[in-house]
Amino acid sequence: MAMAAGVNLLLLMHPPFAADAVRTVKELGGFGALGSVQTLDELRGAMRGRAWDVLLAFGTGVIVPADILSLPTLHAFNIHAATPAYPGRDPHHFAAYDGVREYGATLHGMTPAIDQGPVVAVELSAVGADTPPQELLAVANTCGLRLMRSLLASVAAGRLPSPDAGLRWTGPVRRRADFVALCKVDAQMPRAEFERRLHACSMPGYANLWTEVHGRRFALDRPK
């Protein structure tokens, strides 16, 4: 889809990603107004203050409301830090549980249904089957930055990318409760399954594994 010159671009991003996007926009040129927000209140304020052509989200927990997504002149995209097989929350943990051999990020159009919008592009990297979640997340973010720069280059050149008919979401949309359930272990669990969950639920600084004894929940530290 062709776009007029001087596209007004609004970023909804984790600060390091926004800084990268701003640098890229300045290098490319060809944009009009450029804004960056981090919260829903800031997003709504930005929407009241100007008509934006493109909204690009990456690394944010903000759910963009349907009334914003329905604006007739707004083209809204999200970069999901996972492949289309892992929509929703905590994808790197589920990918580690499955022992994936490739991982990356997904660029898609935003819809009110989270991580269900039309897929525009996927960026992949090969990984080992025993790659821990934190490394899968790093791979996904690196791939996401490549997708972001590619999208910005297209917009700067006056082209808005269209969905790729050959790309589809293939996995269930996970929610936080699904990850909490993955983190539950008990003494009757087979050793192989326990080790698999120990690997998949690990994350530096967090004690994600938990068990339940007589109706009370206890967090488990990772063994030294």
Side-chain angles (χ1 to χ4, degrees), residues 1-82 84 86-91 105-123 137 140-141 143-164 167-169 173-176:
M1 175 181 175
M3 299 196 74
V7 168
N8 293 332
L9 172 68
L10 181 61
L11 308 172
L12 174 59
M13 295 187 181
H14 186 50
F17 300 155
D20 192 293
V22 170
R23 285 193 300 269
T24 301
V25 166
K26 290 180 178 179
E27 291 168 1
L28 291 168
F31 287 84
L34 174 64
S36 181
V37 297
Q38 295 180 42
T39 69
L40 179 56
D41 285 344
E42 290 174 351
L43 175 61
R44 287 203 176 278
M47 286 295 167
R48 288 192 295 269
R50 184 185 297 274
W52 301 95
D53 302 303
V54 174
L55 171 64
L56 179 56
F58 182 20
T60 175
V62 175
I63 298 175
V64 180
D67 63 295
I68 291 178
L69 295 177
S70 65
L71 293 172
T73 60
L74 181 68
H75 302 278
F77 297 92
N78 180 58
I79 296 171
H80 177 60
Y86 297 95
R89 290 286 304 264
D90 307 297
T106 304
L107 172 66
H108 65 96
M110 273 197 268
T111 64
I114 297 173
D115 294 341
Q116 292 295 284
V119 177
V120 174
V122 176
E123 183 78 15
L137 178 58
N141 286 337
C143 290
L145 287 171
R146 289 200 287 265
L147 286 172
M148 180 184 74
R149 294 164 190 154
S150 177
L151 173 65
L152 293 176
S154 293
V155 173
R159 300 186 306 273
L160 195 67
S162 300
D164 187 327
L167 297 173
R168 293 284 189 276
W169 297 100
V173 180
R174 262 60 178 253
R175 291 171 172 76
R176 188 63 178 178

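Remark: Thr24 OG1 to Met148 CE distance equals 5.0 Å, nearest 0.5 Å. Atom CG of Leu152 sits about 11.0 Å away from atom CG of Leu147, to the nearest 0.5 Å. Within the model, atoms OG of Ser162 and CG of Leu160 stand 7.0 Å from one another, a figure rounded to the nearest 0.5 Å. Distance check: Leu74 CG to Leu69 CG gives 7.5 Å after rounding to the nearest 0.5 Å. In this structure, CG on Leu151 lies 5.5 Å from CG on Leu56, to the nearest 0.5 angstrom. With values rounded to the nearest 0.5 angstrom, Asp53 atom CG is found 5.0 Å from Asn8 atom CG.
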Pair up each side-chain donor or acceptor in residues 113-121 with any protein partner under 3.5 Å, not counting sequence neighbours, and list the distances.
unit_1: Asp115; atom_1: OD2; unit_2: His80; atom_2: ND1; d: 3.3
unit_1: Asp115; atom_1: OD2; unit_2: Gly88; atom_2: N; d: 2.7

For residues 33-42, tabulate all N or O donor-acceptor pairs below 3.5 Å that involve a side-chain atom, not counting sequence neighbours.
unit_1: Thr39; atom_1: OG1; unit_2: Glu42; atom_2: N; d: 3.1
unit_1: Glu42; atom_1: OE1; unit_2: Gln38; atom_2: N; d: 2.7
unit_1: Glu42; atom_1: OE1; unit_2: Thr39; atom_2: N; d: 3.3

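Screening residues 145-154 for side-chain hydrogen bond (donor to acceptor under 3.5 Å, both in side chains) gives Asp20-Arg149, Glu123-Arg146, Ser125-Arg146 as the qualifying pairs, with residues at least two apart or on separate chains. Judged as a side-chain hydrogen bond (donor to acceptor under 3.5 Å, both in side chains), not a single pair has a partner in residues 55-65 (not counting sequence neighbours). The salt bridge (Lys or Arg N to Asp or Glu O under 4.0 Å) contacts involving residues 72-81 comprise nothing, where partners must be two or more places apart or lie in separate chains. Within the structure, ring pair (Phe, Tyr, Trp, His ring centres under 6.0 Å) contacts touching residues 144-163 (residues at least two apart or in different chains) do not occur.
Residues meeting the salt bridge (Lys or Arg N to Asp or Glu O under 4.0 Å) test with Asp67, sequence neighbours left out: Arg44. With sequence neighbours left out, Phe58 forms a ring-ring contact (aromatic ring centres under 6.0 Å, His included) with Phe17. Applying the ring-ring contact (aromatic ring centres under 6.0 Å, His included) test to Trp52 and every residue at least two apart in sequence or in another chain returns nothing. Partners of Arg176 under the salt bridge (Lys or Arg N to Asp or Glu O under 4.0 Å) rule, at least two apart in sequence or in another chain, are Asp90.
When the options Val64, Ile63, Leu12 are evaluated for a side-chain contact (heavy atoms from CB on, under 4.5 Å) with Met110, the one that passes is Val64.
Looking at Asn78, its side chain never comes within 3.5 Å of a backbone N or O of His108 through a donor-acceptor pair.
Within a 6.0 Å sphere centred on CG of Leu71, other residues, nucleotides and ligands contribute more than 12 heavy atoms.
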Show your working on side-chain contact (heavy atoms from CB on, under 4.5 Å) between Leu10 and Leu43 and close with a plain yes or no. CA-CA 9 Å; Leu10 181 61; Leu43 175 61; 3.7 Å; yes
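Taking all atoms of both residues into account, the shortest heavy-atom contact from Phe31 to Val25 is CD1-CG1, 3.6 Å. Of all heavy-atom pairs spanning Ile79 and Ala105, the tightest one is CG2-CB, 4.3 Å. For Ala140 against Ala81, the heavy-atom pair with the smallest separation is CB-O, 3.4 Å. Shown here for Leu11 and Ala21, the closest heavy-atom pair between the two residues is CD1-CB, 3.7 Å. Residues Pro87 and Pro84 approach most closely at CD-O, 3.5 Å, considering heavy atoms.
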